[in-house]
Amino acid sequence: MPAFDTVLIDKDPRHPRIARLVLNRPDKLNAIGETTPSEIRKAVEWAEADDEVHVIVVEGAGRAFCAGYDLGDYAEGHGRDDRGDHPCRQEKTPWDPMLDYAAMKRNTDDFMALWRCHKPTMAKVHGYAVAGGSDIALCCDLLAMADDARIGYMPTRVWGCPTTAMWTYRLGALRAKQLMFTGDTIDGKQAAEWGLANFSVPAEQLEDATLKLAQRIAGVPRSHLMMHKLVVNQVWHSMGLEQSQMFATVFDGVTRHNPEGMWFRRQAEAEGFKSAVAWRDSGRDIPEGDEARALVAQLEAKLAAARAAVPPAR
């Protein structure tokens, strides 16, 4: 089996027609690291190349499916001192939107391997599938959720735009706008009621319910599964999915480099990402425009003072 740093892939030992793709950073709620998107794509490619595999179940190790991008890396900027700016959190001004777009579009295309794959993919969500984690879940063909699991994209309030643009295609404009305008999450029961999830069951029943559907699908010839998936996917292609993702990925970069996005970044750097996230999700007004610029200046002064107070290395 291929070996990766942040995901696992193998056939189900009892049901070899089912591949299990496991997001495997349980100590960080399977937060997306820099290698996670490409490892998801490579794992999908491995399963697609195996003729015995008919369906891929995507799940998370530990307490959650995926809690989104690792903000310790992406917001606070940990671990890049020797590599300069991350394309998605540039410090040089003016920032280069196309550097950001190229990096995030690469991630989006990697997540979309789940959607492009000729074999059905099914997300099995417990705990949280939020922010970038919801992108992974919604790139799958099918979605199974625990009743108490949560799914949503909180960074629409500040510092994010879902690059896969799947919410409108999965929910319709009315409900997609509600979630995008508020950054709210919904639980598995509501996701099933809205038609976002195929079903929702109590958490202790999620494995059995997911396996039951996966086994039912796995009995269908691969060629038939491929044809049916291509037909359905073509409908979304004709509706402009690729163009939607292009706009969403460009706008995602804007949200991280405009005054509001810079405030969120500086708040995370100065006070820790938990502070920034708590403000974002609390319902407090997000600083904008000149207010955000003024707070950025204050936070940058605080960071400069903190750096000056650190004695030089010997």
Side-chain angles (χ1 to χ4, degrees), residues 28-29 31-34 36-37 66-105 107 128 130-135 152-163 180-185 248-313:
K28 295 194 172 186
L29 299 180
I32 299 165
E34 290 202 32
T36 304
C66 177
Y69 280 91
D70 189 336
L71 291 186
D73 294 338
Y74 282 85
E76 291 187 56
H78 293 170
R80 291 196 63 89
D81 292 342
D82 60 341
R83 290 181 288 165
D85 279 359
H86 191 289
C88 299
R89 54 182 308 281
Q90 298 171 39
E91 293 294 338
K92 295 177 182 178
T93 56
W95 71 288
D96 188 336
M98 291 297 97
L99 285 179
D100 188 293
Y101 174 82
M104 287 306 295
K105 189 61 166 66
N107 289 356
Y128 299 95
V130 292
S134 68
D135 280 324
Y153 208 98
M154 304 90 71
T156 60
R157 296 185 64 81
V158 67
W159 222 65
C161 177
T163 61
M180 296 301 97
F181 293 162
T182 63
D184 289 343
T185 64
T249 305
V250 170
F251 290 161
D252 185 57
V254 173
T255 69
R256 279 180 274 102
H257 294 89
N258 64 7
E260 298 77 27
M262 291 302 298
W263 163 78
F264 183 86
R265 186 192 305 180
R266 295 294 183 254
Q267 181 73 17
E269 291 169 343
E271 306 294 343
F273 77 86
K274 289 184 179 179
S275 168
V277 168
W279 185 323
R280 180 196 70 193
D281 296 343
S282 68
R284 294 173 65 185
D285 291 347
I286 304 295
E288 57 184 307
D290 286 343
E291 179 189 6
R293 293 185 181 94
L295 286 173
V296 166
Q298 293 175 22
L299 292 165
E300 287 179 343
K302 181 176 181 178
L303 288 164
R307 285 192 292 268
V310 176

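Remember, predicted model here, so these are calculated numbers, not experimental data. FYI, the numbering just counts along the sequence from 1.
Atoms CG and CH2, from Asn258 and Trp95 in turn, are 8.5 Å apart once rounded to the nearest 0.5 Å. Separation of atoms NE2 (His86) and CG (Leu99) is listed at 11.5 Å; rounding is to 0.5 Å. Here the CE-SG distance, from Met104 to Cys88, works out to 5.0 Å after rounding to the nearest 0.5 Å. Here the NE2-CZ distance, from His257 to Arg89, works out to 8.5 Å after rounding to the nearest 0.5 Å. Rounding to the nearest 0.5 Å gives a distance of 9.0 Å between CG of Asn107 and OG1 of Thr36.
Contact annotation: the side chain of Arg280 never approaches that of Gln267 to less than 4.5 Å [non-hydrogen atoms, C-beta and beyond].
Listed by chain and residue number, Met98, Lys105, Met246, Thr249, Val250 satisfy the side chain to side chain contact (heavy atoms under 4.5 Å, CB included) test with Tyr101 (two or more places apart in sequence, or in another chain). Applying the side-chain hydrogen bond (donor to acceptor under 3.5 Å, both in side chains) test to Arg266 and every residue at least two apart in sequence or in another chain returns Glu91, Glu269, Glu300. Scored by the side-chain hydrogen bond (donor to acceptor under 3.5 Å, both in side chains) test, Thr163 finds Thr108 as partners (sequence neighbours excluded). Evaluation of the side chain to side chain contact (heavy atoms under 4.5 Å, CB included) rule for Thr182 yields Asp184 as partners, not counting sequence neighbours. By the side chain to side chain contact (heavy atoms under 4.5 Å, CB included) test, Ala131 is found to be paired with Pro155, residues two or more places apart in sequence or in another chain being considered. Under the side-chain hydrogen bond (donor to acceptor under 3.5 Å, both in side chains) criterion, Asp96 pairs with no residue at all, not counting sequence neighbours. Not counting sequence neighbours, the partners of Pro162 by the side chain to side chain contact (heavy atoms under 4.5 Å, CB included) test are Asp135, Tyr153, Thr156, Trp167, Met180. Looking at residues two or more places apart in sequence or on another chain, you find a side-chain hydrogen bond (donor to acceptor under 3.5 Å, both in side chains) between Thr185 and Arg150.
Partner of Trp279 under the ring pair (Phe, Tyr, Trp, His ring centres under 6.0 Å) criterion, out of Trp159, Phe264, Trp263: Trp263 alone.
Nearest approach of Val158 to Glu260, heavy atoms of both residues: CG2-O, 3.6 Å. Taking all atoms of both residues into account, the shortest heavy-atom contact from Ala268 to Ala276 is N-CB, 3.9 Å. The two residues Pro37 and Ile32 come nearest to each other via the heavy atoms CD-CG2, 3.9 Å. Contact record, Cys161 with Thr255: N-OG1, 4.1 Å, taken as the closest heavy-atom pair.
No donor-acceptor pair under 3.5 Å is formed between the side chain of Arg157 and the backbone N or O of Asp281.
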Side-chain donor-acceptor pairs under 3.5 Å in residues 285-298, sequence neighbours left out?
unit_1 : atom_1 : unit_2 : atom_2 : d
Asp290 : OD1    : Arg293 : NH1    : 2.9

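In this structure, Lys92 does not pair ionically with Asp85, as no charged nitrogen and carboxylate oxygen lie closer than 4.0 Å.
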